[in-house]
Amino acid sequence: MPKASEIKKNMAIEFNGEAYIVRDIERSVPQGRAGGSIYRMRMYSVGTNHKVDQSFKDSEMLTLADLTRRPVTFSYSDGDEYVFMDSEDYTSYSFNKEAIADELLFINEDTQGVQAIIVNDAPVAIDLPSSVELVIVETEPSLKGGSATARTKPATLSTGLVVQVPEHIAQGDKIKINVEERKFTSRA
């Protein structure tokens, strides 16, 4: 049983007898109190998609829900439904666009290391690798000698995500993005 401080985004926990996926975590340190941090978690019920905001003390013990991670690849989209295929047994998992909107900014047909999180035989979330490779579809022209400075410019990627890149990066380049920080890390 982990402490509240050890819970990460997209983990599943048992709360009030139900399984919940943790979508967002905010840590706050109250001033003037002798005590630890408070972790405010936005969670969604696996069965009903009901949203719950709950605060936990950092040392509070939580129970992990029974979840399975399956390697998947993006297959196709049909309206607001996005279908991922299991890389091992070819089972397809459908997700609503709203449920995985943040993750879609990092996923295309070539993205490797994507996992579907399955709780009680139902797909509930997508877990991304720590970095992904995407192609720049729009940015200002590259500057010669731009690599000598630390200036950046905005670049729109094939998924619609906009990140800051060094001036020497050009349109059409494939770059690595740190998923958690949403930042450029290197050329691919």
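Here the OG1 atom belonging to Thr111 is positioned 9.0 Å from the CD atom belonging to Glu133, to the nearest 0.5 angstrom. The distance from the OG atom of Ser37 to the NZ atom of Lys57 is 12.5 Å, given to the nearest 0.5 Å. Atoms OG and OH, from Ser92 and Tyr90 in turn, are 13.5 Å apart once rounded to the nearest 0.5 Å. Atom OG of residue Ser158 and atom CG of residue Leu105 lie 10.5 Å apart, to the nearest 0.5 angstrom.
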Please determine whether salt bridge (charged side-chain N to carboxylate O under 4.0 Å, His left out) holds for the pair Arg151 and Glu167, giving the CA-CA distance in whole Å, both sets of side-chain angles, and the decisive distance to 0.1 Å.
CA-CA 6 Å; Arg151 291 192 310 219; Glu167 289 183 326; 3.2 Å; yes
Might you work through the side-chain contact (heavy atoms from CB on, under 4.5 Å) test for Asp53 and Arg40, ending with a clear yes or no? CA-CA 7 Å; Asp53 287 334; Arg40 182 175 169 79; 3.6 Å; yes
Would you check, one step at a time, whether the test salt bridge (charged side-chain N to carboxylate O under 4.0 Å, His left out) holds for Lys3 with Asp58? CA-CA 6 Å; Lys3 294 178 183 174; Asp58 61 353; over 6 Å; no
Inset, instruction - Check the pair Val135 / Leu157 against side-chain contact (heavy atoms from CB on, under 4.5 Å), numbers first and verdict last. - result: CA-CA 6 Å; Val135 175; Leu157 305 175; over 6 Å; no
Determine, stepwise, if the pair Asp173 / Arg187 fulfils side-chain contact (heavy atoms from CB on, under 4.5 Å). CA-CA 7 Å; Asp173 285 356; Arg187 270 197 173 124; 3.1 Å; yes
(request) List the steps, then state whether salt bridge (charged side-chain N to carboxylate O under 4.0 Å, His left out) holds for Lys9 with Asp24. (result) CA-CA 6 Å; Lys9 191 175 169 187; Asp24 199 27; 5.6 Å; no
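Under a hydrophobic clustering in which Ile, Leu, Val, Met, Phe, Trp and Tyr are joined whenever their side-chain heavy atoms come within less than 4.5 Å, directly or via other members, Leu128 and Leu161 fall into the same cluster. Note on Ile118: it clusters hydrophobically with Tyr82, by side-chain heavy-atom contacts below 4.5 Å among ILVMFWY residues. Both Ile25 and Phe15 are assigned to one and the same hydrophobic cluster, defined by single-linkage of ILVMFWY side chains at heavy-atom distances under 4.5 Å. Two different hydrophobic clusters hold Ile117 and Ile126 under the rule that ILVMFWY side chains link at heavy-atom gaps under 4.5 Å. Using a 4.5 Å cut-off between side-chain heavy atoms of Ile, Leu, Val, Met, Phe, Trp and Tyr, with links allowed through other members, Ile100 and Met85 fall into different hydrophobic clusters.
The ring of Phe95 has its center closer than 6.0 angstrom to the ring center of Phe84.
Residues Leu104 and Thr159 approach most closely at O-CB, 3.9 Å, considering heavy atoms. Nearest approach of Leu62 to Phe56, heavy atoms of both residues: CD2-CE2, 3.5 Å. Taking both residues in full, the closest heavy atoms of Ala125 and Ile21 are given as CB-CG2, 4.4 Å, listed atom of the first, atom of the second, then distance. The minimum heavy-atom distance between Thr139 and Ala170, with the atom names listed, is CG2-C, 3.9 Å. Contact record, Val179 with Pro129: CG2-O, 3.3 Å, taken as the closest heavy-atom pair. Between Ala19 and Ala65, the shortest heavy-atom distance links the atoms CB-CB, 4.0 Å.
Side-chain atoms of Glu18 and Ser45 include a donor-acceptor pair closer than 3.5 Å.
Taking the side chain as every heavy atom from C-beta outward, Val83 and Ser77 never approach each other to under 4.5 Å.
Counting non-hydrogen atoms of other residues, nucleotides and ligands closer than 6.0 Å to CD of Gln171 gives a total above 12. By the neighbour-count criterion of 12 heavy atoms within 6.0 Å, atom CG of Asn178 is densely surrounded, having more than that number from other residues, nucleotides or ligands.
The salt bridge (charged side-chain N to carboxylate O under 4.0 Å, His left out) contacts involving residues 77-88 comprise Arg70-Asp86, Arg70-Glu88, where partners must be two or more places apart or lie in separate chains.
For Thr152, the side-chain hydrogen bond (donor to acceptor under 3.5 Å, both in side chains) partners at least two apart in sequence or on another chain are Gln164.
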